[in-house]
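Please read these numbers as outputs of a predicted model, since none were measured by experiment.
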Amino acid sequence: MNLTERIKMIKAMEFITRQMNDEERFECWLYNGVADGDIEYGDLDVKGTDAEELEYYLDDTTFADLMDTFLYCMKEARKSGGLYCDNVVSKSS
């Protein structure tokens with residue numbers, strides 16, 4: 001298990017999902033993804049305490065479920081509002 005890779009992935013998914021432009025669809029991430037407050041907004045650095053603080057998300061099963069939830073959220077985001085970051089909204093298809 002490469003903890004650094006998993007922590008980077010978890011933090012990246014958390015950051016990207018928080019850019020969803022539809023708050024109702026974002027709730028899926030809050031219920032099934034990273035709990036609100038477990039990662040400080042915008043924190044993409046891997047720190048020495050992350051493995052302990054994010055331990056719940058790091059085992060194979062939970063990590064796989066988290067990635068699946070992320071993909072589901074992105075599919076839903078594409079259908080409803082896209083992503084919004086730095087005053088730019090993604091284009092819809």
Side-chain angles (χ1 to χ4, degrees):
M1 175 186 316
N2 185 331
L3 292 178
T4 300
E5 289 294 308
R6 291 186 187 207
I7 291 166
K8 285 180 182 180
M9 182 66 150
I10 292 166
K11 287 186 173 191
M13 291 186 296
E14 167 71 2
F15 181 77
I16 292 168
T17 306
R18 288 198 174 268
Q19 310 312 309
M20 290 175 67
N21 202 23
D22 183 332
E23 197 168 307
E24 285 183 36
R25 307 271 179 157
F26 173 66
E27 286 179 2
C28 177
W29 183 254
L30 292 177
Y31 297 134
N32 302 300
V34 174
D36 204 17
D38 278 1
I39 298 173
E40 185 178 330
Y41 178 75
D43 178 10
L44 296 171
D45 297 325
V46 177
K47 298 182 288 293
T49 57
D50 285 339
E52 184 179 321
E53 292 172 3
L54 301 175
E55 179 181 12
Y56 170 77
Y57 305 105
L58 296 172
D59 71 85
D60 289 349
T61 302
T62 306
F63 185 61
D65 288 344
L66 190 62
M67 289 189 294
D68 185 60
T69 299
F70 173 76
L71 291 174
Y72 175 80
C73 288
M74 291 303 100
K75 181 183 81 165
E76 293 300 305
R78 184 163 179 83
K79 293 190 281 187
S80 178
L83 299 175
Y84 177 83
C85 184
D86 191 31
N87 296 315
V88 177
V89 177
S90 61
K91 295 181 181 180
S92 59
S93 56

CG (Leu30) and OG1 (Thr69) are apart, to the nearest 0.5 Å, by 11.5 Å
Hey, what else clusters with Tyr84 if you join Ile, Leu, Val, Met, Phe, Trp, Tyr whenever side-chain heavy atoms sit under 4.5 Å?
Val89
I'd like to know if the side chain of Asn32 pairs up with that of Tyr72 as donor and acceptor (distance under 3.5 Å, no hydrogens or angles considered).
no
Show me the donor-acceptor pairs, under 3.5 Å and distance only, between side chains in residues 13-20 and residues at least two apart or in other chains.
{"residue": "Glu14", "atom": "OE1", "partner": "Trp29", "partner atom": "NE1", "Å": "2.7"}
{"residue": "Glu14", "atom": "OE2", "partner": "Arg18", "partner atom": "NE", "Å": "2.4"}
{"residue": "Glu14", "atom": "OE2", "partner": "Arg18", "partner atom": "NH2", "Å": "3.2"}
{"residue": "Thr17", "atom": "OG1", "partner": "Met13", "partner atom": "O", "Å": "2.7"}
{"residue": "Arg18", "atom": "NH2", "partner": "Asp36", "partner atom": "OD1", "Å": "2.6"}
{"residue": "Gln19", "atom": "NE2", "partner": "Phe15", "partner atom": "O", "Å": "2.9"}
{"residue": "Gln19", "atom": "NE2", "partner": "Tyr41", "partner atom": "OH", "Å": "3.1"}

How far does OG of Ser80 sit from CD of Glu23, to the nearest 0.5 angstrom?
11.5 Å
Side chain of Lys11, backbone of Asp45: donor and acceptor closer than 3.5 Å?
yes
Nearest heavy-atom approach of Ala51 to Leu3 is CB-CD1, 4.1 Å
Identify whether Phe70 and Tyr31 are in the same connected component of the hydrophobic contact network (ILVMFWY, side-chain heavy atoms under 4.5 Å).
no
What pairs of residues pass the salt bridge (charged side-chain N to carboxylate O under 4.0 Å, His left out) test when at least one of them lies in residues 53-75, not counting sequence neighbours?
Arg6-Asp60
Is it the case that the side chain of Ser90 and the backbone of Leu83 share a donor-acceptor pair, with hydrogens and angles ignored and the cut-off at 3.5 Å?
yes
Which value, rounded to the nearest 0.5 Å, describes the distance between Asn2 atom CG and Leu58 atom CG?
10.5 Å
Which value, rounded to the nearest 0.5 Å, describes the distance between Ile10 atom CD1 and Met67 atom CE?
9.0 Å
How long is the gap from CD1 on Ile7 to CG on Leu44, to the nearest 0.5 Å?
13.0 Å
For the pair Asp38 and Tyr56, evaluate side chain to side chain donor-acceptor pair (under 3.5 Å) and give the outcome as yes or no after the intermediate values.
CA-CA 10 Å; Asp38 278 1; Tyr56 170 77; over 6 Å; no
Distance, nearest 0.5 Å, that separates CE of Met9 from CZ of Phe63
5.5 Å
Just wondering, more than 12 heavy atoms not from Glu5 lying within 6.0 Å of its CD?
yes
